[in-house]
Amino acid sequence: MKERAYPVYTVNKHAEGLLVGGHPWVYENDILHSPENEPENGTLADVVSTKGSYLGTGFVSLKSKIRVRLISRNANDTFDAAFWRRRVEYAWNYRKTVLEPADLSACRVIFGEADQFPGLTVDRFSNILVTQTLSVGMEKLKPVLFPILAEVLRADGQTIDGIYERNDEALRAKEGLEQNKGWFELPGETHPASTQTEICENGVYYHVDFENGQKTGFFLDQKYNRRAVARLAAGHTVLDCFTHTGSFALNAAAGGAARVTAADISAEAIAMAQRNAQRNGLTNMDFLCEDTFELLPRLEREGHPYDFIILDPPAFTKARRTVENAMRGYKEINYRAMKLLPRGGYLATASCSHFATEELFIKMLRAAAKDAHRQLRQIEVKQQAPDHPILWGVPETNYLKFFLFQVI
């Protein structure tokens with residue numbers, strides 16, 4: 001092994017076990033020895049075991065409890081522009097393998113740790129790449145990495161007109177980073193005037209406001225789950241709760257549903273869903289601006305026509321300590337939906353919270369079905385689309401649960 005140029009952190013057995021098992025994070029509490037001269041925030045450091053064995057190299061984050069985020073376990077790697085280009089090419093080639101060609105115009109290009117870019121998300125919406133940077137190491141790397149992102153996709157014949165940053169995320173404070181959003185200035189280029197674009201997914205067109213929409217502007221992770229709903233929807237009367245921009249409702253309507261009601265507590269979301277319905281020429285839809293927790297009991301009291309209900313709520317929990325509360329919320333809406341549905345009706349239900357694990361979610365569904373005196377006939381269980389890959393050594397990358405049932 002060649003002489004190492006990087007400062008060294010020595011970690012305890014606990015951290016060593018995690019790193020050897022494939023997890024890329026080194027927590028502050030697991031560090032036994034830090035470098036004599038504190039490295040500069042966001043620069044690279046080596047991590048070694050108590051016996052001095054090399055465990056990997058990663059970005060140092062002095063303000064975070066996650067002190068080092070590994071980017072490599074190969075002691076021969078040189079972290080120059082060519083290294084990052086190879087990594088971007090690797091991520092893009094993976095998408096080209098797991099997605100159908102039509103899906104590449106709206107997909108996640110980089111999914112943080114799952115693509116070995118810790119703390120970086122890159123979504124593609126047609127001609128725009130939208131990024132979110134949540135680690136100081138990636139923040140420092142932007143001048144090198146972002147031009148490479150555009151170059152790699154363009155070299156493959158993709159049209160990329162600009163890179164927009166959505167760094168208006170509170171998590172950045174944990175890295176000592178300020179929040180901001182705006183265009184990333186690619187050297188020698190001008191960026192589009194508009195912060196809106198249009199994507200096509202499963203043959204459905206969506207208006208995407210990547211400056212103000214949630215997260216990076218649109219949720220791409222349910223792509224194939226929406227398709228599964230569309231496949232079952234023909235002839236049914238569908239209620240899509242937490243519709244957001246209308247994605248499940250639009251897929252159901254396009255799939256030939258007799259009638260679809262898209263419901264959301266946000267008037268803005270409903271306006272966007274209506275706009276998307278218009279864009280797709282879908283006339284078999286209506287819209288409700290109402291809180292799902294109030295809507296479902298009301299429908300139960302008043303009677304309703306629905307025989308297919310979709311529940312795709314925002315994450316009810318983003319921390320371990322609030323999981324119990326969240327599971328009560330999930331149970332309430334699933335119980336109500338099961339009670340509402342006629343026997344033989346269909347239920348699509350999802351959770352996008354990493355902390356509401358599949359085990360907890362299944363337990364909740366069983367309890368809701370028991371209380372509603374319903375049996376669940378499982379049609380399929382799905383996860384996030386494969387452009388949001390799950391890395392088995394990094395459980396945090398596994399967050400989306402999606403179940404499709406017939407309720408009998």
Side-chain angles (χ1 to χ4, degrees), residues 1-88 90-91 110-122 131-149 165 167 169 171-179 391 393-397:
M1 196 172 87
K2 60 186 178 194
E3 191 59 37
R4 306 293 296 168
Y6 301 113
V8 176
Y9 286 90
T10 307
V11 296
N12 62 17
K13 281 274 185 232
H14 175 250
E16 183 183 350
L18 286 173
L19 294 175
V20 169
H23 206 284
W25 296 346
V26 175
Y27 287 94
E28 178 189 21
N29 301 344
D30 288 336
I31 291 169
L32 298 175
H33 300 293
S34 297
E36 273 178 41
N37 300 323
E38 189 173 67
E40 196 185 319
N41 205 13
T43 54
L44 291 167
D46 283 345
V47 179
V48 301
S49 70
T50 46
K51 292 183 175 161
S53 312
Y54 173 77
L55 297 170
T57 303
F59 289 121
V60 175
S61 182
L62 299 175
K63 300 232 162 61
S64 170
K65 285 182 176 161
I66 304 170
R67 186 49 44 92
V68 185
R69 290 173 167 81
L70 292 196
I71 56 166
S72 169
R73 296 156 194 277
N74 181 349
N76 295 314
D77 273 339
T78 307
F79 305 105
D80 52 10
F83 170 87
W84 292 109
R85 184 178 299 273
R86 282 195 304 276
R87 233 183 228 164
V88 171
Y90 188 72
I110 306 269
F111 182 40
E113 277 69 3
D115 287 300
Q116 297 181 294
F117 288 88
L120 179 69
T121 298
V122 181
T131 67
Q132 191 167 74
T133 310
L134 300 179
S135 73
V136 65
M138 280 292 147
E139 183 76 18
K140 287 208 145 167
L141 191 67
K142 286 189 320 193
V144 174
L145 183 60
F146 284 13
I148 289 172
L149 273 169
E165 296 192 82
N167 292 332
E169 170 61 71
L171 276 174
R172 278 173 64 89
K174 294 189 171 178
E175 295 282 305
L177 297 169
E178 288 177 10
Q179 292 189 44
L391 212 54
V394 189
E396 292 81 358
T397 57

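- Taking both residues in full, the closest heavy atoms of Ala45 and Val60 are given as CB-CG2, 3.4 Å, listed atom of the first, atom of the second, then distance.
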Run the numbers on Ser135 and Glu175 for side-chain hydrogen bond (donor to acceptor under 3.5 Å, both in side chains), then give the verdict.
CA-CA 6 Å; Ser135 73; Glu175 295 282 305; 5.0 Å; no
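- Between Val136 and Lys63, the closest side-chain pair of non-hydrogen atoms is not below 4.5 Å.
- Taken to the nearest 0.5 Å, the NZ atom of Lys142 stands 12.0 Å off from the CG atom of Leu149.
- In this structure, the side chains of Leu70 and Pro118 stay at 4.5 Å or more apart for every pair of heavy atoms.
- Distance alone, capped at 3.5 Å, places no donor-acceptor pair between the Thr78 side chain and the Asp80 backbone.
- In terms of heavy atoms, Leu44 sits closest to Phe79 at CD1-CD1, 3.6 Å.
- Looking at every heavy atom in both residues, Pro39 comes nearest to Leu62 through O-CD1, 3.4 Å.
- Applying side-chain hydrogen bond (donor to acceptor under 3.5 Å, both in side chains) to Arg172 and the options Glu139, Gln179, Glu178 leaves one that passes, Glu139.
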In sequence, state the C-alpha distance, the side-chain angles, and the governing distance for Arg4 and Thr57, and then conclude on side-chain hydrogen bond (donor to acceptor under 3.5 Å, both in side chains).
CA-CA 10 Å; Arg4 306 293 296 168; Thr57 303; 3.1 Å; yes
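- One finds the CG atom of Asn29 at 9.5 Å from the CZ atom of Arg67 (value rounded to the nearest 0.5 Å).
- Rounding to the nearest 0.5 angstrom, the gap separating the NZ atom in Lys51 from the OG1 atom in Thr10 is 14.0 Å.
- Within the 4.5 Å cutoff, the side chain of Asn167 has no heavy atoms near those of the Leu177 side chain.
- Looking at residues two or more places apart in sequence or on another chain, you find no ring pair (Phe, Tyr, Trp, His ring centres under 6.0 Å) involving Tyr6.
- Annotation: side chain of Arg69 is in contact with side chain of Ser64 (closest heavy-atom distance under 4.5 Å).
- In this structure, CH2 in Trp25 is found 13.0 Å from NZ in Lys65, a value given to the nearest 0.5 Å.
- Of the possible polar contacts, none joining the Ser49 side chain to the Glu16 backbone as a donor-acceptor pair under 3.5 Å is found.
- Residues Lys174 and Leu171 meet the side-chain proximity criterion, which asks for heavy atoms closer than 4.5 Å.
- Annotation for Thr133 and Glu165: closest pair OG1-OE1, 4.4 Å, computed over non-hydrogen atoms.
- Counting only heavy atoms from C-beta outward, the side chains of Leu120 and Leu141 never approach each other to under 4.5 Å.
- Contact detail for Ala81 and Ile148: the closest heavy-atom pair is O-CD1, 3.6 Å.
- A donor-acceptor pair under 3.5 Å is formed between the side chain of Arg73 and the backbone N or O of Gly22.
- In this structure the side chain of Pro395 reaches within 4.5 angstrom of the side chain of His23, judged on heavy atoms.
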List the steps, then state whether side-chain contact (heavy atoms from CB on, under 4.5 Å) holds for Glu396 with Glu113.
CA-CA 9 Å; Glu396 292 81 358; Glu113 277 69 3; over 6 Å; no
Show your working on side-chain contact (heavy atoms from CB on, under 4.5 Å) between Tyr27 and His14 and close with a plain yes or no.
CA-CA 10 Å; Tyr27 287 94; His14 175 250; 5.9 Å; no
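- None of Trp84, Tyr90, Phe59, Phe111 except one satisfies the ring-ring contact (aromatic ring centres under 6.0 Å, His included) rule with Phe117; the exception is Trp84.
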Hey, mind stepping through Asp77 and Phe83 against side-chain contact (heavy atoms from CB on, under 4.5 Å) and telling me if it holds?
CA-CA 8 Å; Asp77 273 339; Phe83 170 87; 3.6 Å; yes
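- When every heavy atom of Asp30 is checked against every heavy atom of Ala15, the shortest pair comes out as CB-CB, 3.6 Å.
- No side-chain heavy atom of Asn12 sits less than 4.5 Å from a side-chain heavy atom of Thr50.
- Applying the 6.0 Å contact sphere to CG of Asn37 captures no more than 12 heavy atoms from other residues, nucleotides or ligands.
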